[in-house]
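Data block below; observations after.
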Amino acid sequence: MSKVNLEDIVSLCKRRGFIFQGSEVYGGLAGTWDYGPLGVALKRNIMSLWWKMFVEDADNMFGVDAAILMNAKVWKASGHVDTFTDPLVECSNCHARHRADKIDTSKCPTCGKSGTFGEPRQFNMMLKTYVGPVEDESAVTYLRPETAQGIFTNFKNVVDTLYPDVPFGIAQQGKAFRNEISPRDFVFRSREFEQMEVEYFVHPDHWEEAFEDWRKCVHEWFKAIGLPESMVHELEVEAKDRAHYSKRTIDFEFDFPHGRDELLGMAYRTDFDLQNIQRVSGKNMEYRPKDGSAPYVPHVIEPSFGVERAIMAVLTAAYSEDEVNGEKRVFLKLPAHLAPVKVAVLPLVKNKPELVAKAQEIYKTLKSCPLYSGAVMWVDTGNIGKNYRKMDEIGVPYCVTIDFQTLEDDTVTVRNRDTTKQERVSIDTLKKALSI
Ligand code: ATP
C-alpha cells in the first residue's frame, strides 16, 4: 500500500482547485466529479501525452472520436446487454447495496450486522437512456460503458479510407459511463469517467508478440507519467475473472492510497468483437492483405487506460511531505511536463509600480514562450513564504521572484520546488534556468 493517505489527496484536490464533488452545491451526485482549473490542466496534460506517445509518434496508429450514443444493436452484439454485470447484494437490515465481489459478505460494511445478505443477483452496469421524443423500447440505448465499441464499429471505415497494413491500431479517448453499485475511493471508481483505449489489429498467428510489445509500451507509459516501477504490479487474471470477451488479461495494478488495485487492463479480445459485428450487421469485417493472401478477420490486443486512475496514480506518486525551517511542507513532485502550472511569477511587493511592471514584462515573456504552453501563473497576493508553499502544493516546478535588486541589476530569484533552493539568475539566462 502507498504511504499516502487518500484523505490528504482528496483534501488537497479540493483546497487547491483540482477536483470537486460533482453537483456539490446541490449535495452532490455520487460517482461524479468535476475538474477545476488545475485538475483539467493535469488531465489534459496526461491525455495529450498519451495521444502523442501512442498516436502521433507511432507509424501505424490512427485516432478516432466516435459518438458516445450508439445504436443499441452495438451493445446487444458486443454482449454488454446480457453480460456486462456485477454481482449485487442487498442488506436485509439497512438495505445498503454492495458489490458482492468487493466485500466480505458475511457482515454488512454499512450497518455491521452479520448474515444479512442473500444470494447475489447480477446487476447490469450500463446507464440506459432514450433517444428521440418517444420513450418506448425502440428508443432505448445506453451511454457507452467503454470507448472500445466506437473503435470496432469504425474498423471498416479506417481500413477503407486509409488502407493500413495489419498490424495497425485505432485509438480513442473519451467518456465512458458505468452505473457502479458502489462508487468509492475518490475518482478511482466513478460512474462517469474517461478512457484512453487502443484496439490493435493483428493476424491471429501473431497475437502473442503483439501482447508482449504492448506490455512493454504500457511500462514506458508508466515511466512517462512518473510512476515508480516499484509501485506497479502485473496480475495475470484467471479465466473465471476475465471479461466475457477476453482470452487473456493482465491487470496492471498500482499501490493506491486505498491499497493495490487496477490501474489499467490489457486484454486479448481475439476476433470476438469484429465477428459479432459481422454476424449482427451482416457486413463483412474481413481484412484483405495487399499481397493477395487469404482474407481474415483480425484479432485484437486492447490496452485500456483509465484517465481518472492515471490521475490518482500520478498524484499518489507525486504527493510528498518534508520539513522546511521547522515547518511541515506538502508538495507535489509532479513531472514538469504534467504540472498544471510550470512557472509562477511573483512580484515581491504590489505597491511599487516599477517592480510590478518589470514582473509583468517577465510574466508576459514566459507566458508566450511555447516551452511552457501558457502554463505560467501570476501570483501577487499574500506573503512570499506562503506563496511558495501554495505553489509547492500545486506542484509548480519553479517560482520566479522579482524584487528590488531586479530593478538594479536585472536579476531574479529562481526557486526550485523540490530542493527549495533559490538561485539568483540574470533575466537573459532565465529560460535556461527554467529548462523543463
Ligand atoms: P474494475 O475491476 O476495477 O471494475 P474493470 O476491470 O471493470 O475495472 P475495464 O473494463 O478493464 O475495468 O476498464 C478499463 C479501464 O477503465 C480500467 O482499468 C480503469 O482504468 C478504467 N475504469 C473502469 N471502470 C472505472 C470506473 N468506474 N471509474 C474510473 N475508471 C474506471
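For ligands, and for the atoms within them, numbers begin at 1 and follow the listed sequence. Both backbone and side-chain heavy atoms feed into the values below; hydrogens, waters and symmetry mates do not.
- Residue pairs satisfying the salt bridge (Lys or Arg N to Asp or Glu O under 4.0 Å) criterion with at least one member in residues 285-296, sequence neighbours excluded, are listed as follows: D165-K290.
- In this model, a donor atom of one side chain and an acceptor atom of the other lie less than 3.5 Å apart for S11 and R15.
- Relative orientation of the H80 and W75 rings is perpendicular, given thresholds of 30° and 60° on the angle between their planes.
- Every protein residue with a heavy atom nearer than 4.0 Å to ligand 1 is included here: R99, R178, E180, V187, F188, R189, S190, F193, Q195, E262, L263, L264, G265, S304, G306, R309.
- Evaluation of the ring pair (Phe, Tyr, Trp, His ring centres under 6.0 Å) rule for Y245 yields no partner, not counting sequence neighbours.
- When the ring pair (Phe, Tyr, Trp, His ring centres under 6.0 Å) test is applied to Y287, the partners found at least two apart in sequence or on another chain are Y296.
- Both tests pass for R309 against the ring of F188: distance under 6.0 Å to the centre and angle within 45° of the axis.
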